[in-house]
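This report refers to the structure that appears directly beneath it.
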Amino acid sequence: MGISMPNANAGAGVRAAASVAGALCFIAVACGALAGAARADDGYRLWLRYTPVHGQRLTRYRDAASELVGPDISPNGLSPTLRAARSELLRGLTGMLGRPPAAADRVRRNGAIVFGTPTSSAVVRGLALDLADLGQQGYRIRTLTVGGHRATVIAANTDIGVLYGAFRFLRLLQTRAPIGHLDISARPKIRRRVLDHWDNLNGTVERGYAGGSIWQWQSLPEHLSPRYTDYARACASIGINGAVLDNVNASPFILTPLYLGKVAAIAGALRPYGIRVYLSVPFSAPVTLGKLASADPLDPRVRAWWRRKVAAIYRAIPDFGGFLMKANSEGQPGPEDYGRTQAQGADLLARALAPHGGIVMWRAFVYSTGPHAEDRAKQAYDTFHPLDGKFAANVLVQVKNGPIDFQPREPVHPLFGAMPHTHLMLELEVTKEYLGQRTSFVYLGPLFEEALRADTWARGRGSTVARVIDGSLYGQHLTAIAGVANVGSDRDWCGSIFNQANWYAFGRLAWNPDLTARRIAQEWVRMTFGNDPRFVAPVVRLMMGSREAAVDYMTPLGLASQMAAGTHFGPGPWVAPAAGMPADWSSTYYSRADAHGIGFDRTASGSDAIAQYPPPLAARFGNLATCPQDLLLWFHHLPWSYRLRSGRTLWESLLRHYDRGVEWVRQARVTWKSLAPYVDAQRYRLTADYLAIQEKDAQWWRDASIAYFGSVSHRALPAGVKPPPDTLAHYEAFCVPYVENSSVSAPGCPPADVRVPR
Ligand code: GCV
């Protein structure tokens with residue numbers, strides 16, 4: 001297969017247009033629509049680009065935002081958070097309106113923007129707004145008459161609420177919404193909205209596809225990279241208020257005075273933006289670091305060690321958030337090593353953190369890697385469900401969206417709704433470990449939305465995951481959501497422009513799980529690229545179709561874990577259990593494909609995993625007539641000749657999905673090419689190149705999967721379906737040994753000189 005060069009001419013044309021338009025725009029600020037499209041953009045500014053507004057809208061916006069009335073300056077100056085709000089408003093308004101608003105201490109003319117809390121601003125106090133329902137993080141934006149003048153007031157009970165309100169106000173302008181008559185109130189539905197960085201202390205990232213870690217450990221605490229502040233701005237703009245700095249496969253060094261000093265410095269940089277720092281810690285730290293004989297959670301010496309360590313952390317970081325723990329999972333130590341339960345393990349840390357107001361996020365991603373793991377999908381439920389009610393008040397059990405591991409599609413995790421006396425939080429994977437990593441165009445909004453809307457039926461219809469984790473289903477107040485970060489040291493933060501949308505979507509849904517992926521995509525495209533509907537509509541369509549396309553060419557009809565071992569990049573449906581490796585780290589364990597059929601029987605005749613769901617859901621999944629077709633092979637083992645609702649056999653349907661997925665990518669390239677006039681050359685080219693890579697990857701997935709499943713099923717290809725161009729042996733021999741900057745490699749990748757499928 002040769003490497004095609006899509007759109008080379010179009011790219012050159014755009015570059016030429018770009019430089020002309022760029023030169024003109026340098027002279028005159030009031031450029032046309034091409035202005036946003038033309039200037040080269042390396043993606044650093046993310047969705048906070050604040051590009052110039054034009055035409056009549058500019059006049060209207062200038063009239064409505066002519067003066068900035070900030071909080072009163074106390075003898076100590078403005079709080080760092082209010083300073084951040086002021087500087088963001090100044091930056092945004094200046095960028096979009098072409099001149100800075102006048103600074104004022106009271107409203108002197110129409111078009112004032114007033115911001116502050118009743119405590120920090122006499123003007124806000126004087127308005128006596130009812131802010132009670134906003135809580136500690138919400139804000140209100142209203143158009144009001146103040147001192148006889150028309151003003152927009154951004155008010156909140158807290159400084160961080162004001163900052164969130166400032167970002168919301170700027171978003172209105174960025175998406176070119178009317179701002180003349182505003183009455184907006186918002187508060188987050190979930191209290192803790194956290195990014196989990198899987199960053200190692202040596203600068204690699206466990207599943208990072210955007211360069212190395214953004215934390216520059218070597219130069220901390222003396223040097224604070226300006227990126228920390230820009231990271232914090234981006235997070236705050238979408239309401240993220242927590243960051244776990246290090247990998248859940250944690251190093252004990254993070255708890256040493258050396259690293260705690262560095263952590264404190266990062267915490268200082270993030271604090272003005274309302275972001276608390278948390279740490280992943282190894283359960284064995286009392287042994288490895290404290291030189292104790294055991295890490296047994298019931299041992300008083302172990303308890304005393306954690307108490308002292310936590311007290312030291314709070315001395316350095318008074319608002320430290322707490323710990324994230326991966327225990328007894330994939331080789332990590334944990335309480336089960338001492339015959340204790342997961343709840344007893346969590347309790348150890350909870351007791352140490354409670355006096356300081358810290359929390360524990362204890363992962364449910366616990367599974368035995370022994371050969372007896374009958375069905376990996378059942379293990380978290382079997383371990384945690386009996387412990388409901390046994391976790392301390394400051395513990396959240398952090399549950400991945402599905403029962404296996406961030407697959408392109410999984411059913412809802414059976415723990416959601418099943419532990420009414422335990423705080424449960426949701427863990428999503430923003431980094432695309434199983435979805436094409438750096439280069440594939442896969443917008444995860446629809447996956448996140450699907451995960452949040454999934455109905456657990458725990459208390460009847462409507463018991464969605466969103467309602468479990470926002471606390472409304474069981475009346476809980478400690479609520480949280482986590483996303484495994486896709487942020488790295490790359491200039492564009494996320495490894496591609498479209499990967500940025502996944503960070504954005506996570507934050508927006510964490511703030512309000514009821515938002516739709518489509519609306520979020522619309523916002524993001526407008527802020528990231530521009531507001532021209534000729535661009536926005538087709539790009540949003542592409543984004544909305546992209547995840548399903550990846551499911552189609554990777555793991556259709558409920559298949560899961562068919563990726564290459566280790567790196568999880570590219571197809572590996574033939575990966576069978578290897579000596580010394582757990583069976584559930586293979587692909588054949590999941591597909592169960594043989595000459596007769598394919599799929600994992602999780603009904604009563606198989607592993608009976610469906611019995612972990614409430615009866616209405618178990619009945620739906622267990623019955624072939626009602627099981628969602630896109631989860632068919634997750635729950636059922638079916639003969640190749642089984643007929644789906646479409647009338648096609650299972651084999652024919654599988655083939656159709658693979659082809660459909662590849663075709664989608666092909667069409668996406670055509671669409672993107674047609675959009676060249678609306679994008680700057682740099683972002684156009686990067687995306688076009690990555691789509692070209694994705695087409696080859698999709699084709700590789702399709703060909704390798706068909707070659708493998710064709711060989712086990714002994715089924716011929718129906719007329720019209722193209723045979724894979726190479727033999728199964730060819731696909732099996734190929735593997736990608738490394739993923740740049742990732743700490744994970746492919747086990748046993750043969751250094752053979754095989755022809756690369758790309
Ligand atoms: C941090 C999957 C990933 C691992 C990851 C693990 C986890 O298995 O492949 O890299 O480890 O999930 O969530 O702990």
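Order of listing sets the numbers, starting from 1, for every ligand and every atom in it. As a basis for the values below, the full set of heavy atoms in this structure was taken, side chains included, without hydrogen atoms, waters or symmetry mates.
By the 3.5 Å distance cut-off applied to N or O atoms, E427 is not counted among the residues near ligand 1. The N/O atoms of K326, backbone and side chain alike, include one that comes under 3.5 Å of an N/O atom in ligand 1. Not a single N or O atom of W198, backbone or side chain, sits closer than 3.5 Å to an N or O atom of ligand 1.
Atoms of ligand 1 found under 4.0 Å from any heavy atom of R363 (numbered from 1 in listed order, with element): 7 (C), 13 (O), 14 (O). Taking every heavy atom of V248 and a limit of under 4.0 angstrom, the matching atoms of ligand 1 come to 1 (C), 14 (O). Taking every non-hydrogen atom of E206 and a distance limit under 4.0 Å, the qualifying atoms of ligand 1 come out as 1 (C), 4 (C), 5 (C), 10 (O), 11 (O). Applying the 4.0 Å criterion to heavy atoms of E330 picks out, from ligand 1, the atoms 4 (C), 5 (C), 6 (C), 8 (O), 11 (O), 14 (O).
The side chain of F365, and not its backbone, has at least one atom closer than 4.0 Å to an atom of ligand 1 (non-hydrogen atoms only; side chain from C-beta on). Within the 4.0 Å heavy-atom criterion, neither part of V484 lies near ligand 1.
Ligand 1 lies within reach of K400, whose nearest heavy atom is under 4.0 Å from it. The shell of residues lying under 4.0 angstrom from ligand 1, judged by heavy atoms, excludes E429. Residue-ligand proximity: V744 is placed with every non-hydrogen atom at 4.0 Å or more from ligand 1. Ligand 1 lies within reach of H568, whose nearest heavy atom is under 4.0 Å from it.
Outside the 6.0 Å centre-distance limit, the rings of Y504 and F506 are not counted as a close aromatic pair.
Put simply, the side chain of F441 does not reach to within 4.5 Å of the side chain of I497, judged on heavy atoms.
A donor and an acceptor atom, one from each side chain of Y434 and D405, are located under 3.5 Å apart. Residues E433 and H568 bring a donor and an acceptor atom of their side chains to less than 3.5 Å of each other. Side-chain contact of D470 with Q476: a donor-acceptor pair under 3.5 Å is absent, judged by distance alone. Between the side chains of N328 and Q342, at least one donor N or O lies within less than 3.5 Å of an accepting N or O. Side-chain atoms of N249 and K326 form a donor-acceptor pair, as typed in the model, at a separation below 3.5 Å.
Taking the centre and axis of the six-membered ring of W306, the NZ or CZ atom of R351 falls outside the cone set by 45° and 6.0 Å. Under a cutoff of 6.0 Å and an axis angle of 45°, R227 and W493 form a cation-pi pair.
Looking from atom 2 (C) of ligand 1 to the surrounding protein, the closest heavy atom is D405 OD2, 2.8 Å. In this structure, atom 3 (C) of ligand 1 lies nearest to the protein heavy atom E433 OE2, 3.2 Å.
A salt bridge between K378 and E374 is present, with a side-chain N of the basic residue lying under 4.0 Å from a carboxylate O of the acidic one.
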